[in-house]
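Values reported hereafter were calculated over all heavy atoms of this structure, with side chains retained and with hydrogens, waters and symmetry mates removed.
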Amino acid sequence: MTERSPAPGGLALIEVLVNTLDIESGADALDTPEGRARVGISRDDEAEDARALRESLRAVLLAHAGHPPHREVPPLGELLAVAPLVVGVDPADGSAALVPAGDPSLHARVAAAVAEALVAGTWTRLKACEAPDCHWAYYDRSPAGRGRWCSMQVCGARAKMRRYRAKGA
């Protein structure tokens, strides 16, 4: 739904995962093998856990934008608590990062992406569009970090038109 550039680093995975559901149409990419492959899962039985993670992430991204959760969801911290991470050290340059331990599950890859974004200071720039029929994830690159919509041309324009009409003008 957005014309914005993808989020940086590991946040791109979170953005893709949250955007697997088109709230307006109800289309869920996790219902298809191609959609599941985009977030690195292959089995149908993994999709339900991915949906719970997606909606918990959406609630956090709405909070980043200053909005209440869209619905009751499991807390993200509880979902990521099962994600095994270890400190990985690059032998070439000595840089360190939290990385998934063993076989990287979606939860572990998301947890590693969150940890990377926290260190980089970019975590709170990943937001969800405030439009109730959208809630698309986007990375806010605005200088002040006060972006409100995934797309000014679509969601922003609709919101401004609703406000204009509500004024009775």
Pairing residues for R125 by the salt bridge (Lys or Arg N to Asp or Glu O under 4.0 Å) criterion, not counting sequence neighbours: none
Identify, with sequence neighbours excluded, every residue that meets salt bridge (Lys or Arg N to Asp or Glu O under 4.0 Å) alongside E48. R51
Hydrophobic cluster membership, with links at side-chain heavy-atom distances under 4.5 Å among I/L/V/M/F/W/Y: are L57 and V82 in one? no
Would you say N19's side chain and A137's backbone share a donor-acceptor pair under 3.5 angstrom? yes
All side-chain hydrogen bond (donor to acceptor under 3.5 Å, both in side chains) counterparts of T20, not counting sequence neighbours: R54
What about L62 and L21, same hydrophobic cluster or not, with Ile/Leu/Val/Met/Phe/Trp/Tyr joined at side-chain heavy-atom distances under 4.5 Å? no
Under the 3.5 angstrom rule, does the side chain of E46 hit a backbone N or O of I41 as a donor-acceptor pair? no
Keeping to residues at least two apart or across chains, list the ring-ring contact (aromatic ring centres under 6.0 Å, His included) pairs with something in residues 34-65. H64-W123
Could you check whether any side-chain N or O of R58 sits under 3.5 Å from a backbone N or O of H135, counting only pairs where one atom can act as donor and the other as acceptor? yes
With sequence neighbours excluded, tell me which residues meet side-chain hydrogen bond (donor to acceptor under 3.5 Å, both in side chains) with R109. none
Which residues satisfy the side-chain contact (heavy atoms from CB on, under 4.5 Å) test with L79, sequence neighbours excluded? L53, S56, P74, H107
side-chain hydrogen bond (donor to acceptor under 3.5 Å, both in side chains) partners of E116, counting only residues at least two apart: none
Residue pairs passing the salt bridge (charged side-chain N to carboxylate O under 4.0 Å, His left out) test with at least one member in residues 76-91, sequence neighbours excluded, are none
To which residues is V89 joined in a hydrophobic cluster, defined by side-chain heavy-atom contacts under 4.5 Å among Ile, Leu, Val, Met, Phe, Trp and Tyr, whether direct or through other members? L85, V87, L98
Under a side-chain separation threshold of 4.5 Å, the hydrophobic residues clustered together with V86 are V99
Kindly write out the residues that satisfy side-chain hydrogen bond (donor to acceptor under 3.5 Å, both in side chains) with S142, not counting sequence neighbours, or none if the list is empty. D140
Any residue meeting salt bridge (Lys or Arg N to Asp or Glu O under 4.0 Å) with D93, in chain and number order, not counting sequence neighbours: none
Do L80 and V110 make a side-chain contact, defined as non-hydrogen atoms from C-beta onward lying under 4.5 Å apart? yes
Between R141 and P8, is there a side-chain heavy-atom distance shorter than 4.5 Å? yes
Would you mind reporting whether R71 and E55 have side-chain heavy atoms less than 4.5 Å apart? yes
